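I have placed the structure first, in the form of structure tokens, so that the comments after it can refer back to it.
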Amino acid sequence: VTSRVASGSASRVTRVTRARRWLIFTFVMLVASNFAVWSLVAYDWLTQVRYTGSAQEEIDARREAVRDAPDDPGALLALAYAYQQTGRYDDALFTYDAVLDLLPSETAALYNKGVILLKLGETAAAEEVLRAALDVNPGHALAAATLARQLVDDGDYEAVLEVVLPAAERSPGAAELHYLAGVAHEKLGEAEMAAERYRLALHHYPDMGEAREGLSSSRCNAVNGRGHTLLTRTRLLVANMVLAVLLVAGVYVYVLRMAGGGYVVLGGDPVLRLQPLLTVTGPGSGQYPEFLRPLDAAFGPDGEIWVVDTGNNRLVVLGRSGGLIREFGGFGVTQPLAGSEPEWSGGL
Amino acid sequence: MNQPAGIDVDENGTVYVADPRNNHVQVFDRGGTFLRRFPEAAGVPREDVSAGTTVTPMDVAVAGDSVYVADVDRLLVFTNEGEFLRQFGQAGTDRVHFDGLTGVDATDDGRIYLADSGNGRVLVMEANGEKIWSVGTSLGQSELLTESHTYLYQFGLPRSVAAMDDGTVAVLDVVDSTLVLFTGEGEFVARYGMRGSSPAEFSSPGGIDAAGDVLLIADTWNHRIQVVEPAR
């Protein structure tokens, strides 16, 4: 009896591992194919010609506004932001500095300057302006979060808490700040406090996946003292389903782009139009008044129109204005004789 | 006729019809009287067309004394009377081969225009078969672009081609349902039309001819013909 039970449970274990192995295999395959399809789409998208006309117009309009009111920091700020949005970071930095000359404590200018400096990789300068923004307004949640993220990257978790906690006190609704505080606490080994912060983040922003993950890992840390990184079957199953949907979407997008002709590298002048002069759908009379799948057509020497009406196995001759002149032919697989009269004639 | 696929008319009004399922070109006078067909004998192996062979003409073009027949993977040249002169190309996907010739046009100066649809390109050549230029490649053939006089354009599937009086080359793309114009030197000019059933829209158009500035298009799956003029 014992052996039977033992072998039964052993086979169940094998089945479980096999199912799991299969899931992992599917997961890997789906990741690979998703990567392939989406990189095709991305390549396609990146290599197509893009127009920045509207962004340029926006910048011109805002520049005009600055010219009209050179001492208006609001106009300067708007122009600087337009530069920043279009990736012209040098112009944006210059303009933000102009704003700061007028209003040295303009936190929006300081914060955006910090964001740009971070993008340009000048982390020390960025941290400095972000701190300046926080000196003016310690509750500036965006500045605090941006600075804290940078500090997390630097690994300076004490400094993260110094920045984030006062800001979170003043802007308690900013889930991001609670989350970053949670990260810092967790890294400093304060699992309980981390969990508390993650819970606060989720309270203000229930869909914040990072905080949810942080919460579960910090809980684990609190209980086990180590993170759990095992892929559960349910998670794998869900991931597989999501990836499969992504794959289908990727293929769909790719095919759509290809079939839609969006792949054309050369652009035409959009003003160009095809002028429709004449449309004829058939001889209009006779046994077959309509064309069926006409595959080719040709002009005759006097401008008459010859139509190969493929589906009806006939030739139709139309005048210049589309009126029926003659039709002839018919289905046949036998060999006609040279010089013979047409056997079948409809219409006229 | 059994599902005829292509047509051209010479300056006397003599009509040449490509009848692929009957494996020959039929010739009629302008009144519709049957004159002749060629190649005369059907059902002979296609290796030696001069001895009479099975051809599957997808399109036909007549210029001067020559009749050009697009026969899937080769181009056959006959006299007006149907006497075989020569052939170009063989099956394949590289630059000297054809893969599904579906459209041919020819001009009196001896230039031949081919829609090599399986290879996704349009090819213009001299009467002796020497390439003048080509445009487009099928996917995975981008190495062809390194060749001289090969221009970049991604066709859906070029089905038919016609040369206009000023040398402009008009190409019908059956997959994109568009009309694309190139200069006589192969430079892209413009792309017109889209899939649809309104005037100047197409649904998988199969054939094209030109007269002056005007184009005649067999708008196959809209079951109609259209005459259009590209505004330039």
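Since we're looking at a predicted model, the values are computed, not measured. Letters A, B, ... are given to chains in the order of the sequence lines, protein chains preceding strands, and every chain is numbered from 1.
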* Asked: Is the CG atom of B:D65 crowded by more than 12 outside heavy atoms at less than 6.0 Å?
  ->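 No - once you tally the heavy atoms of other residues, nucleotides and ligands closer than 6.0 Å, there are 12 at most.
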* Asked: When you look at CD of B:E83, are more than 12 heavy atoms from neighbouring residues, nucleotides or ligands closer to it than 6.0 Å?
  ->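 No, because the 6.0 Å sphere around CD of B:E83 holds 12 heavy atoms or fewer from other groups.
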Minimum heavy-atom separation for [X] and [Y], please, with both atom names.
{"X": "A:N313", "Y": "B:P4", "value": "OD1-CD, 3.5 Å"}
{"X": "A:W306", "Y": "B:D29", "value": "CH2-O, 4.2 Å"}
{"X": "B:H223", "Y": "A:F291", "value": "CB-O, 3.4 Å"}
{"X": "B:A218", "Y": "A:P294", "value": "CB-O, 3.6 Å"}

* Gap separating the CG atom of A:L295 from the CZ atom of B:R159, nearest 0.5 angstrom ->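 A:L295 CG to B:R159 CZ: 5.0 Å, rounded to 0.5 Å.
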Which portion of [X] sits near chain A, non-hydrogen atoms under 4.5 angstrom:
{"X": "B:I208", "result": "backbone"}
{"X": "B:F28", "result": "side chain"}
{"X": "B:E11", "result": "backbone"}
{"X": "B:D10", "result": "backbone"}
{"X": "B:A210", "result": "backbone"}

* Between B:G13, B:A5, B:G193, which shows the greatest number of heavy-atom pairs under 4.5 Å with chain A? ->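 Most heavy-atom pairs within the cutoff with chain A belong to B:A5.
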* Flag the one option from B:V17, B:D8, B:V15, B:D173 with the top tally of heavy-atom pairs under 4.5 Å to chain A. =>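 Most heavy-atom pairs within the cutoff with chain A belong to B:V15.
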* **Best-contacting candidate, A:T310, A:V307, A:I305, against chain B by heavy atom pairs under 4.5 angstrom** =>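 Looking at each of A:T310, A:V307, A:I305 in turn, A:T310 comes out on top.
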* To do: Can you tell me which residue pairs pass the salt bridge (charged side-chain N to carboxylate O under 4.0 Å, His left out) test with a partner in residues 281-297 of chain A, sequence neighbours excluded?
  =>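 Not a single pair qualifies under salt bridge (charged side-chain N to carboxylate O under 4.0 Å, His left out).
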* Test applied, side chain to side chain contact (heavy atoms under 4.5 Å, CB included); reference residue, B:R30; option that passes from A:D302, A:V317, A:I325 ->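 Looking at A:D302, A:V317, A:I325, the match for B:R30 under the side chain to side chain contact (heavy atoms under 4.5 Å, CB included) is A:D302.
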* Asked: Under the criterion side chain to side chain contact (heavy atoms under 4.5 Å, CB included), which of A:V308, A:D309, A:V280 is the partner of B:I225?
  ->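 Among A:V308, A:D309, A:V280, the one meeting side chain to side chain contact (heavy atoms under 4.5 Å, CB included) with B:I225 is A:V280.
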* Side-chain touch B:Q226/A:L277, heavy atoms, less than 4.5 angstrom ->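 The answer is no; the side chains never approach within 4.5 Å.
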* Do B:V214 and A:F299 come close enough that some side-chain heavy atom pair is under 4.5 Å? ->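 When only atoms from C-beta onward are counted, A:F299 and B:V214 do touch, with a gap below 4.5 Å.
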* With sequence neighbours left out, what residues match B:S203 under side chain to side chain contact (heavy atoms under 4.5 Å, CB included)? ->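 Here the qualifying residues are B:R195, B:D219, B:W221, B:N222.
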